[in-house]
Structures are given as structure tokens and as C-alpha cells.
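Comments concern the structure below.
Please read all numbers here as calculations on a predicted model, not as lab measurements. No hydrogens, no waters, no symmetry mates; every other heavy atom, side chains included, goes into these values.
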Amino acid sequence: MVSTEVKDYLNTVVATQGQFYIRLHQFHWYVKGSHFFTLHEKFEELYDETTENLDEVAERLLAIGGEPYSTLQEFIDHSILEENPEDKNLSQDEMVEAVVNDLEKISEALHEGAQLTDEHEDFPSNDMLIAMKEATDKHVWMLKAYLGKRADA
């Protein structure tokens with residue numbers, strides 16, 4: 001039986017992915033500037049991937065007897081990310097920087113979740129979180145490269 005601690009953690013991931021999905025849409029819709037086409041497409045790629053992650057974690061949570069958050073209010077209340085409606089006014093590079101910051105928070109949380117699920121011997125959840133972390137770290141590297149920064153900067 002999977003612990004309540006793991007279920008609660010996975011629900012936080014659900015909320016965070018839901019919040020991140022909405023934030024990426026905000027940037028997708030409001031990005032302006034010379035890199036509009038590139039970033040408009042990149043933000044769409046990221047929110048499509050986020051949708052897949054959200055669904056996978058929610059389904060895992062259901063499979064282990066949990067009840068995933070499913071409303072915008074629950075996402076806001078339980079996400080590790082902050083909602084900021086005014087971010088639609090950021091410059092294109094500021095939007096990318098904001099996404100990098102969110103991805104770094106998500107990566108750190110996924111690392112903690114991988115440790116937690118390993119300790120609780122929930123290996124399917126562990127594998128899922130490790131794969132999500134790998135993809136998240138790759139996005140951080142690529143977006144930092146777009147900004148002209150090193151991955152470890």
C-alpha cells in the first residue's frame with residue numbers, strides 16, 4: 001500500500017503541473033517581440049508536455065487510491081508555483097527566465113519526490129518522477145542556452 005505522504009506529494013505535483021500549464025498558456029498568448037514565432041511554438045510544446053505529465057501523475061495517483069486535485073482553485077492552493085496575472089506584461093526574455101525559474105523549482109521538487117518514492121518503495125512513481133526530472137532539466141538547459149547562459153548559471 002502506498003503511503004499517504006506519497007499520495008500527498010503526487011497531488012502537489014498534479015497541482016503544480018496544472019498551474020504551470022496555465023502559466024505556459026499565458027506566455028504562449030502574450031509573448032511579443034522578435035522571437036515571437038520561436039517562443040510561441042516553444043511555450044506550446046511545453047504546455048503540451050505538461051498536459052501529458054499532469055495526466056500521467058493524476059492517473060498514477062488514482063491507481064494507488066488517491067484523489068487528484070482537479071479544479072483551478074485546488075491547483076492555485078496546492079501548487080509550489082505562484083500565480084501572477086501581471087506576468088503577461090513581461091518581455092519575451094523575462095518570460096523565458098520565469099519559465100526557467102519555474103522549471104528549476106519543479107526539478108527540485110521532482111528530486112525530492114524521487115527520494116520520497118524510493119524510500120517508500122513506490123518504484124512506478126519513482127520511475128515516472130525521474131523521467132519527468134530528466135526532461136525538466138533538459139528544458140532548463142535549453143532555455144538557459146536560449147538566454148545565452150550556462151546550464152549551471
Side-chain angles (χ1 to χ4, degrees), residues 2-31 38-90 92-147 151:
V2 177
S3 74
T4 301
E5 187 179 8
V6 168
K7 290 177 189 176
D8 290 345
Y9 168 80
L10 291 176
N11 229 348
T12 299
V13 174
V14 167
T16 301
Q17 293 295 310
Q19 180 95 10
F20 191 49
Y21 171 82
I22 298 299
R23 184 164 169 79
L24 289 166
H25 264 88
Q26 179 187 42
F27 292 154
H28 173 76
W29 292 328
Y30 285 97
V31 66
T38 301
L39 292 175
H40 185 76
E41 188 175 306
K42 185 63 176 177
F43 293 146
E44 183 174 358
E45 173 193 322
L46 290 170
Y47 72 64
D48 285 344
E49 181 179 308
T50 300
T51 300
E52 291 174 16
N53 290 338
L54 170 62
D55 192 52
E56 185 175 0
V57 177
E59 288 176 354
R60 174 67 185 153
L61 189 52
L62 286 163
I64 61 175
E67 295 182 8
Y69 299 129
S70 58
T71 68
L72 293 176
Q73 191 61 56
E74 288 172 313
F75 294 167
I76 291 167
D77 291 344
H78 300 282
S79 174
I80 64 168
L81 304 177
E82 297 293 320
E83 181 179 47
N84 191 350
E86 292 307 310
D87 280 358
K88 68 183 178 189
N89 299 316
L90 296 174
Q92 60 189 2
D93 284 354
E94 289 170 331
M95 286 181 178
V96 173
E97 190 69 49
V99 170
V100 167
N101 290 337
D102 287 349
L103 287 169
E104 288 177 330
K105 289 177 189 172
I106 291 168
S107 177
E108 183 179 316
L110 291 169
H111 176 79
E112 292 168 5
Q115 289 178 323
L116 175 69
T117 53
D118 187 54
E119 290 169 11
H120 288 270
E121 297 184 359
D122 177 5
F123 302 120
S125 295
N126 184 263
D127 288 345
M128 175 183 66
L129 297 172
I130 290 170
M132 288 173 59
K133 181 175 178 8
E134 179 183 10
T136 300
D137 291 348
K138 184 174 181 179
H139 290 307
V140 168
W141 159 62
M142 292 178 139
L143 291 170
K144 282 186 173 184
Y146 171 87
L147 293 170

Checklist outcome for this item: Quick note, ring pair (Phe, Tyr, Trp, His ring centres under 6.0 Å) partners involving residues 43-65, not counting sequence neighbours, are Y21-Y47, H25-Y47, F27-F43, H28-Y47

Item to check | I130 vs K133 side-chain heavy atoms within contact, under 4.5 Å | outcome: no

Identify each donor-acceptor pair in which a side-chain atom of residues 61-71 lies under 3.5 Å from a protein atom, sequence neighbours left out, and give them as a table.
unit_1, atom_1, unit_2, atom_2, d
Y69, OH, H78, ND1, 3.2
T71, OG1, E74, N, 3.1
T71, OG1, E74, OE1, 3.1

Checklist entry - Could you go step by step and tell me if L143 and L147 meet the side-chain contact (heavy atoms from CB on, under 4.5 Å) rule? => result CA-CA 6 Å; L143 291 170; L147 293 170; 5.7 Å; no

Next on the checklist: In the structure I gave you, are the side-chain heavy atoms of V14 and F75 within less than 4.5 Å of one another anywhere?
Outcome noted: yes

Checklist outcome for this item: OG1 of T50 to CD of E45, rounded to nearest 0.5 Å, is 10.0 Å

Checklist outcome for this item: Separation between CZ (R23) and CG (L81), nearest 0.5 Å, reads 7.5 Å

Checklist entry - When rounded to the nearest 0.5 angstrom, what distance separates CG in N53 from CE in M128? => result 9.0 Å

Checklist entry - CG of L110 to CD of Q115: how many Å apart, nearest 0.5 Å? => result 11.5 Å

Item to check | Any D87 side-chain heavy atom under 4.5 Å of M95 side chain | outcome: no

Item to check | T136/W141 under side-chain contact (heavy atoms from CB on, under 4.5 Å): CA gap, chis, key distance, verdict | outcome: CA-CA 9 Å; T136 300; W141 159 62; over 6 Å; no

Checklist entry - Between L90 and V31, is a side-chain contact (heavy atoms from CB on, under 4.5 Å) present by the stated rule, with each step listed? => result CA-CA 8 Å; L90 296 174; V31 66; over 6 Å; no

Checklist entry - Does some side-chain heavy atom of E56 sit less than 4.5 Å from a side-chain heavy atom of Q17? => result no

Next on the checklist: Is there a side-chain contact between Y9 and L129 in this structure, where contact means two heavy atoms from C-beta onward sitting under 4.5 Å apart?
Outcome noted: yes

Checklist entry - So, do T16 and V57 sit near enough that their side-chain heavy atoms are less than 4.5 Å apart? => result no

Item to check | Ion pair check, E82 and K105, cut-off under 4.0 Å | outcome: no

Checklist entry - With a 4.5 Å heavy-atom cut-off, do L103 and D137 have their side chains touching? => result no

Pair up each side-chain donor or acceptor in residues 117-125 with any protein partner under 3.5 Å, not counting sequence neighbours, and list the distances.
unit_1, atom_1, unit_2, atom_2, d
T117, OG1, G113, O, 2.9
T117, OG1, A114, O, 3.2
T117, OG1, N126, ND2, 3.1
H120, ND1, S3, OG, 3.3
H120, NE2, E5, OE1, 3.1
D122, OD1, R60, NH2, 2.5
D122, OD1, S125, N, 3.4
D122, OD1, S125, OG, 3.3
D122, OD2, S125, OG, 2.6
S125, OG, R60, NE, 2.9

Item to check | Residue Y30 excluded, over 12 heavy atoms near OH under 6.0 Å | outcome: no

Checklist entry - Stepwise, does the side-chain contact (heavy atoms from CB on, under 4.5 Å) test hold for E104 with K144? => result CA-CA 11 Å; E104 288 177 330; K144 282 186 173 184; 2.8 Å; yes

Item to check | Straight-line distance of Q26 CD to F20 CZ, nearest 0.5 Å | outcome: 12.0 Å

Checklist entry - Should L10 and K7 count as side-chain neighbours, where that means a heavy-atom distance under 4.5 Å? => result no

Item to check | Residue E41 excluded, over 12 heavy atoms near CD under 6.0 Å | outcome: no

Item to check | Gap separating the OG atom of S107 from the NE2 atom of H139, nearest 0.5 angstrom | outcome: 11.5 Å

